[in-house]
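For reference, the structure is listed below as structure tokens.
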2 protein chains.
Amino acid sequence: MLEAKLQEAGLLKKLLDAIKELVTDANFECNEEGINLQAMDNSHVALVSVLIQAAGFKRYRCDRPMPLGVNLGSLTKVLKCAKDDDICTLKAADEADLLNLVYEAKNSDRIAEYEMKLMDIDSDQLGIPETEYDARVTLPSNEFSRIVRDLSLLGESVRIEVSKEGVRFASEGEAANGSILLRQTEGSISGGKIVALSKDGEDDGEVKEEDDEEENEDDDEDEEGSKKKKKSKGKKEKKVKKEDGDEDEEMGDVDEDGEEEQDDESEDEEESNGKKRKKKASSSSKPAKKAKTSKSKKGDDDDDTSGVLIEMNQHVSLTFSLKYLVNFSKSGSLANKVQLMMSNDVPLLVAYEFDQGHIRYYLAPKIGDD
Amino acid sequence: MLEAKLQEAGLLKKLLDAIKELVTDANFECNEEGINLQAMDNSHVALVSVLIQAAGFKRYRCDRPMPLGVNLGSLTKVLKCAKDDDICTLKAADEADLLNLVYEAKNSDRIAEYEMKLMDIDSDQLGIPETEYDARVTLPSNEFSRIVRDLSLLGESVRIEVSKEGVRFASEGEAANGSILLRQTEGSISGGKIVALSKDGEDDGEVKEEDDEEENEDDDEDEEGSKKKKKSKGKKEKKVKKEDGDEDEEMGDVDEDGEEEQDDESEDEEESNGKKRKKKASSSSKPAKKAKTSKSKKGDDDDDTSGVLIEMNQHVSLTFSLKYLVNFSKSGSLANKVQLMMSNDVPLLVAYEFDQGHIRYYLAPKIGDD
DNA sequence: CGGCTAAGAC
DNA sequence: GTCTTAGCCG
């Protein structure tokens, strides 16, 4: 059975707000690491991956891995019945088709209890390879929101270009063209190894593990299917795949390598890139969180509250659909900072890291001129 | 070429908000005086005239008169990409079909640049004669907004009546009738010469000039007219001419005049009609702004922040469409005060004067009982 | 045509 | 955080 007590219902509410427009139904994969959700958006163009680490809960117990098939619209409604600062407990029995939600006001006698029907969802737990990127831009999440919102008024897509000059967001529209240039706040643009970092260093662990086992097979694609489903390779999976392709394995490698590398990095650069370093400690594929979560986060993403950090090993120039980026930017309420990770011709990773976990979006670039 | 740097993008944003529903496309007539826009509303019932004086800019250069044909919807979108306190620079090359807008955040590395397509617009730069009116009501702009908004809930039109009693706004509707009476805040209702005034005393130069000549005749109050006009009556021409003078000089004058005016004002107040007095000092036809803009404005329109000033030479009673008045009242965000100038059977002038210029609306009265 | 959901303003 | 308005779906 699952019993997970979250200090603030607000976290769940924000997460749902962030993804409910993108995805209608999804499996909340619960296991010892925590709760993970992975899904392609309804049109299979983007992929969203959410993690709430076990340590992010006030209390967490999950005897065995269980997928909870949730209609996000329903869950959103149920969550609207909670106040942001209510203590929220999720409970589900093994094999149950109900999710129990209990809201306790911190300082009151009020206890609200809801039970929501679960559904069986064909979950393609995709293997998201942890790639190394050519560039990462770390900026205040509200700045990112503003940029994509502004440019979305003008055109459909934005070209994001990272160069020594800084990062430029440019969009062309019928009535007007726009271009916004952000320069590195201070210091020079740095390189170093660029991989997605979570504060604890565990990031997509949940997904990974499963993948590892099944992935072995070598289908790139299977992984997704394999782990939980064995589903068909319906379209959904494919997109993801592109990237995954190799990635399954990469995932595994990543963790370990990643950590090591991180250490290395710290030494090299000014710590600016620095956020990564911290994680090493938590190398076991499991999430190490707890103690440092709050700190680590600060350390990582929030080190500089308002600055722009640009790390670049190679010039990148990619074009994306603004509609999706605007959607992703809703997650700004979850973290002060957002990381944009890019390599030419591979999907953009938009990552928001918060104390209890993260939400990451992957979006394939537009090709050609469209 | 044009290069105009505005301290606060917010001013332009407010202006566009105020007129974009009334007009879809319009020419921004740029010349040494500043930037002027004049247009009939889409149904040709109302006329709006906007002026941003050259001195209202942080920096202003316009080598030769040029009309910039702008789609207001497009400009509104582009302006939404600016923060209110961004420094906004407008640039256009001669004969260009693009308007360049640059937004610089005051304290950041952020620079956003937009280029908007211009269009050829058949501009009828109308000569708006500066008429002398029988009555002027000066009231807080939010009070005016409230009145027309309230009455618009009841009926389609409002009868505005200025008498010794004060000013009455009365509307009849199917469900209810309403009537709002505002009395002169203090002192008695005054007469005197009633013409549109801008804080600097330059106001609608473009329009007025024509009238001036006629006015010259000796009204005590002519001052306003006299000082600046002497222009020809051609519409476009006028504008240009007034000041072509030269900017440098203006600046000088401005400061000085401005200050003087303020002083004067304080004295005249009770003179009640007083608003005009101020201008005499600034007789040089130039706009006096800058240094004291903020102050001067206060002085003029805002002398009494919350009071109602009624000037009347003759009883007037006119009926107008509330729909338009509600629309006009959106400009309340630009100025604390609004002036309603009326004579029987001629269009109402609704004028908002702010530090950098003004926005004025003209609306023909309804005739008969409709 | 009405209801619901989402976005923007106060 | 709440309310209001606009856009989308049923």
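This one's a predicted model, so the numbers in the text were calculated from it and none came from an experiment. Labels below follow one simple rule: chain letters A, B, ... track the order of the sequence lines, proteins then strands, and each chain is numbered from 1.
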Exercise. Do Tyr114(A) and Tyr103(A) make the cut of ring centroids closer than 6.0 angstrom?
Worked result: yes
For this session: State, without any angle test, whether Asp41(B) and Tyr324(B) hold a side-chain donor-acceptor pair at a distance under 3.5 Å.
Result: yes
For this session: Determine, for Lys106(A) against Asp85(A), whether the closest basic-nitrogen to carboxylate-oxygen distance falls under 4.0 angstrom.
Result: no
Exercise. CD of Glu172(A): more than 12 outside heavy atoms within 6.0 angstrom?
Worked result: no
Problem set entry | Donor-acceptor contact present, side-chain Ser329(B) to main-chain Phe144(B), <3.5 Å | no
Exercise. Got a salt bridge between Asp17(A) and Lys330(A), using NZ or NE/NH1/NH2 to carboxylate O under 4.0 Å?
Worked result: no
Would you tabulate the pairs of protein nitrogen or oxygen atoms and nucleotide nitrogen or oxygen atoms of nucleotides 5-10 of chain C closer than 3.5 angstrom?
from, atom 1, to, atom 2, distance (Å)
dA6(C), O3', Glu21(A), OE2, 3.3
dA7(C), OP1, Glu21(A), OE2, 3.3
dA7(C), OP1, Lys330(A), NZ, 3.4

Exercise. Does Phe328(B) reach the side chain of Val48(B), with side-chain heavy atoms less than 4.5 Å apart?
Worked result: no
Measure all distances between protein nitrogen or oxygen atoms and nitrogen or oxygen atoms of nucleotides 4-10 of chain D, and list the pairs falling under 3.5 Å.
none

